[in-house]
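Here is the structure we will look at.
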Amino acid sequence: MANFCPCDPKDATYCMNGGICYTVPSMDHLSCSCPENYKGSRCEEYQLQSLALNDPDKGLVAVVITLVILILVVLAVVIYYLHNKEQQFYRKVG
């Protein structure tokens, strides 16, 4: 923080959640440098970490889900067809 100065001791509690208070010499305004997972002008907002997948992983997940759904649909059609064939067989025999 080359162009920033630490806040006066009386303003030390301006930033919340462990944020570091500083001023810009050319401005009469307090600012905060927030620790990880906090944001806001005074570090008052907690920001949950997200485990977002990167783009290639999203594509792979989409392909796998699509294939699983397709396999389940084909399996359901085969079971339905075999069940109907079995029912027709028993109707002819019985």
request  = Supply the members, apart from Ile71, of the Ile/Leu/Val/Met/Phe/Trp/Tyr cluster built from side-chain contacts under 4.5 Å; use none for a lone residue.
outcome  = none
query = Is Met16 isolated, or which residues cluster with it under the ILVMFWY side-chain rule of less than 4.5 Å, directly or via members?
reply =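 None; Met16 is a cluster of one.
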message = Under the side-chain hydrogen bond (donor to acceptor under 3.5 Å, both in side chains) definition, can you give me all pairs with a residue in residues 62-74, not counting sequence neighbours?
response = none
ask   = What's the spacing between Thr23 OG1 and Leu30 CG if we round to 0.5 Å?
value =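 Thr23 atom OG1 to Leu30 atom CG measures 7.0 Å (nearest 0.5 Å).
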remark   = Here the gap from Cys5 atom SG to Tyr22 atom OH, rounded to the nearest 0.5 Å, amounts to 11.5 Å
Only distances under 3.5 Å count here; give the side-chain donor-acceptor pairs of residues 37-44 to other protein atoms, sequence neighbours excluded, each with its distance to 0.1 Å.
from  : atom 1 : to    : atom 2 : distance (Å)
Asn37 : OD1    : Gln49 : NE2    : 3.3
Arg42 : NE     : Tyr14 : O      : 2.8
Arg42 : NH2    : Tyr14 : O      : 2.8
Glu44 : OE1    : Arg42 : N      : 2.8

key: Sequence-distant partners of Leu70, side-chain contact (heavy atoms from CB on, under 4.5 Å), two or more places apart   = none
query = Got a sec: does the CD of Glu36 have more than 12 other heavy atoms crowding it under 6.0 Å?
reply = no
task = Kindly confirm or rule out an SG-SG distance below 2.5 Å between Cys21 and Cys7.
result = yes
Under 3.5 Å donor-acceptor pairs involving side-chain atoms of residues 75-83, not counting sequence neighbours:
from  : atom 1 : to    : atom 2 : distance (Å)
Tyr80 : OH     : Asn84 : ND2    : 3.3

